[in-house]
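Everything on this sheet refers to the single structure shown next.
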Amino acid sequence: MLKTEELKAEIRRMCQEKNAIILAHYYTVGDVQDVADFVGDSLALARKAAETDAKMMVMCGVHFMAETCKLLSPEKTVLCPDLAAGCSLADSCKAEDLQKFKDEHPDYQVISYVNTTAAVKALTDVVVTSGNAKKVVDQLPKDAKLIFGPDYNLGNYINEVTGRQMLLWNGGCHVHERFSVSKIVALKQQYPDAVVMAHLECKAPVLAVADIKGSTADMLREAKASSKRQFIVATEAGILHELQRTCPDKEFIPVPPEISESGLECSCNECQYMKLNTLEKIYNCLKNESPAIELDAKIAKDAVKPIHRMLELS
C-alpha cells in the first residue's frame, strides 16, 4: 500500500501521462482537494473542465456531478472514483416521479437545481445553482407558472426573496436538513463576534439567524472580504479546508448536526457520499481508467439544453 504522499505523486504522474485532470468538490476530504487541479462547486468544475484540453477527468464528488461533466464534455472520458457516491438530494427526485408531476401540471415550466440526475435535467426547462437561482428566476415572466425542485429549502428561499409562488418539490439534502437553530445559538454564545454563514439548502429557521446566506462560493468570497476573524459555518464541513487555506488568519467553526446519522454527538456535519472519494480510489480510477460515466444519447441531448439556457440567463 502506497503512503499518502506517494499516492499523490503517482496520481499527478498519471495525470501528466494520460492528459487527465482531477476535479474535487469543496465537500471532499482535504487530501483529495490538495491533489486536485481544480476545487469548487459542481457546475463550476464541469464548466472549467470543459474549457481545458484534457482528454480525461476524474470527478471527485458525487455521481450526478460526474454526469454533468459528461454533459458538458461528451467527447472526453469522465471517471468517477466510486459509483456508490450518490446524493440524497438528487435521489429525492426521480425522473419518473417528476414526469408524473409534470403531466399533472401541463402549463408549468420546470426549474431544477443542478443537484439532479441527467434524467431529471432532461425533463427540465432551466437549471439553476444556489448562487444564480434568484437571478434566473427574476428573468422569467412574472406570470410564469413554475415548478422548482428538488430542494424545498432553496425553493422556499427563492419564493421569499422574489415574491414568486413556485410549486416546490419536497426534497432535501440530508446534511443541511440536520442543522438546527439551537446549535447555532449555542455557538454564537461561545463566539459572540462570529459571523454566521449558512447554505441556502438549510431550513428557513436556520437561514433566518444567518448573517450570510448563500452558496459555498458566496461563503468563500464573503470570508475573504470580511474584516471579521471568526465564522460559524452551516454547510458540509469539507468547505473548511478551502476556507482555512484561503483565509489562514481566520477561524472557522463548523455547526454540528442536531442529531448525527449514528445517533451520537459529533462536532461537524459531513456527507458520507463525498467522503467515499479517497486517494486510493482516485489512483485506481486513473490506473484502470474506470469506472467511466456513459449517458443515454437522448437523455444527454435533452439534459444539456436547460444548462445552456441557465448560462444564457445568468
Side-chain angles (χ1 to χ4, degrees), residues 11-12 14-28 32-83 85-87 89-90 111-133 135-136 215-218 220-221 238-239 242 274 277 281-282 285-286 289-314:
I11 288 168
R12 295 314 316 169
M14 283 192 286
C15 281
Q16 186 171 8
E17 176 186 299
K18 299 182 180 223
N19 191 14
I21 55 174
I22 309 293
L23 312 172
H25 192 273
Y26 289 129
Y27 295 164
T28 54
V32 170
Q33 294 184 44
D34 289 340
V35 82
D37 295 275
F38 303 107
V39 179
D41 288 323
S42 60
L43 185 61
L45 288 172
R47 293 181 68 188
K48 191 72 176 178
E51 295 171 356
T52 73
D53 61 1
K55 294 180 180 179
M56 181 184 299
M57 65 186 79
V58 182
M59 179 65 233
C60 303
V62 295
H63 189 265
F64 82 80
M65 297 178 184
E67 286 188 335
T68 305
C69 287
K70 189 65 176 178
L71 288 174
L72 295 185
S73 301
E75 75 290 354
K76 299 182 179 183
T77 299
V78 178
L79 305 175
C80 180
D82 192 330
L83 292 177
C87 172
L89 180 53
I111 303 173
S112 287
Y113 191 25
V114 70
N115 295 29
T116 47
T117 64
V120 166
K121 289 181 176 73
L123 299 173
T124 296
D125 293 286
V126 61
V127 166
V128 297
T129 68
S130 52
N132 69 19
K135 183 177 181 180
V136 171
S215 65
T216 46
D218 292 330
L220 282 160
R221 183 172 56 253
I239 189 63
E242 182 67 7
M274 287 287 186
N277 293 278
K281 290 176 185 176
I282 297 171
C285 181
L286 275 169
E289 299 185 14
S290 176
I293 299 296
E294 298 296 339
L295 297 174
D296 176 86
K298 177 64 167 63
I299 287 177
K301 181 180 178 181
D302 291 339
V304 78
K305 292 176 183 177
I307 298 177
H308 289 319
R309 188 177 181 209
M310 177 200 69
L311 297 177
E312 292 170 1
L313 294 175
S314 62

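All values reported here derive from a predicted model rather than from experimental measurement. Positions are given from 1, in the same order as the sequence printed here.
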side-chain contact (heavy atoms from CB on, under 4.5 Å) evaluation trace for Val136 with Val127: CA-CA 9 Å; Val136 171; Val127 166; over 6 Å; no

Stepwise side-chain contact (heavy atoms from CB on, under 4.5 Å) test for Ile239 and Leu220: CA-CA 9 Å; Ile239 189 63; Leu220 282 160; 4.1 Å; yes

Full working for side-chain contact (heavy atoms from CB on, under 4.5 Å) between Asn115 and Val62: CA-CA 10 Å; Asn115 295 29; Val62 295; over 6 Å; no

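Using a 4.5 Å cut-off on side-chain heavy atoms (C-beta onward), Met65 and Val114 make no contact. Within the 4.5 Å cutoff, side-chain heavy atoms of Leu286 are placed close to those of Ile22. Proximity of His63 to Leu83: side-chain heavy atoms (C-beta onward) are separated by under 4.5 Å at one or more points. A 4.5 Å side-chain heavy-atom check between Val39 and Val32 finds every atom pair outside the cut-off. With a 4.5 Å cut-off on side-chain heavy atoms, Thr116 and Leu89 do not count as touching. Counting only heavy atoms from C-beta outward, the side chains of Met14 and Met56 never approach each other to under 4.5 Å.
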Side chains of residues 301-314: which donor-acceptor pairs under 3.5 Å do they make with residues two or more places apart or in other chains?
{"from": "Asp302", "atom 1": "OD2", "to": "Lys298", "atom 2": "NZ", "distance (Å)": "2.4"}
{"from": "Arg309", "atom 1": "NH1", "to": "Gln109", "atom 2": "OE1", "distance (Å)": "3.2"}
{"from": "Ser314", "atom 1": "OG", "to": "Met310", "atom 2": "O", "distance (Å)": "2.8"}

Which side-chain N or O atoms in residues 66-73 pair as donor and acceptor under 3.5 Å with protein atoms at least two apart or in another chain?
{"from": "Glu67", "atom 1": "OE1", "to": "Ala118", "atom 2": "N", "distance (Å)": "2.7"}
{"from": "Thr68", "atom 1": "OG1", "to": "Phe64", "atom 2": "O", "distance (Å)": "3.0"}
{"from": "Lys70", "atom 1": "NZ", "to": "Pro74", "atom 2": "O", "distance (Å)": "3.2"}
{"from": "Lys70", "atom 1": "NZ", "to": "Lys76", "atom 2": "O", "distance (Å)": "2.7"}

Could you pull out every donor-acceptor pair under 3.5 Å between side chains of residues 44-51 and any protein atom, sequence neighbours left out?
none

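With sequence neighbours excluded, the residues satisfying ring pair (Phe, Tyr, Trp, His ring centres under 6.0 Å) with Tyr27 are His25. For Lys135, there are no salt bridge (charged side-chain N to carboxylate O under 4.0 Å, His left out) partners two or more places apart in sequence or in a different chain. Applying the side chain to side chain donor-acceptor pair (under 3.5 Å) criterion to Thr117, with sequence neighbours excluded, gives no partner residue. With sequence neighbours excluded, the residues that form a salt bridge (charged side-chain N to carboxylate O under 4.0 Å, His left out) with Asp82 are Lys281. Legend: residues meeting side chain to side chain donor-acceptor pair (under 3.5 Å) with Tyr26, ordered by chain and number and at least two apart, are absent. With sequence neighbours excluded, the residues forming a side chain to side chain donor-acceptor pair (under 3.5 Å) with Asp218 are Ser215, Arg221, listed by chain and number. Annotation: salt bridge (charged side-chain N to carboxylate O under 4.0 Å, His left out) contacts of Asp41 (sequence neighbours excluded): none. Scanning for side chain to side chain donor-acceptor pair (under 3.5 Å) contacts around Thr124 gives Ser112, with sequence neighbours left out.
Remark: the backbone N or O of Ile111 is not paired with any side-chain donor or acceptor of Asp125 at under 3.5 angstrom. Distance alone, capped at 3.5 Å, is enough to place a donor-acceptor pair between the Gln33 side chain and the Thr28 backbone.
If you take OG1 on Thr77 and CD on Glu75, they are separated by 9.5 Å, rounding to the nearest 0.5 Å. Leu79 contributes atom CG, which lies 8.5 Å from atom CD1 of Ile293 (distance to the nearest 0.5 angstrom).
Within 6.0 Å of CD in Gln16 there are 12 or fewer heavy atoms belonging to other residues, nucleotides or ligands.
Scanning both residues, Ile21 and Leu23, for their nearest heavy atoms gives CD1-CD2, 3.9 Å. What you find for Cys60 and Pro81 is that their closest heavy atoms are SG-CG, 4.0 Å.
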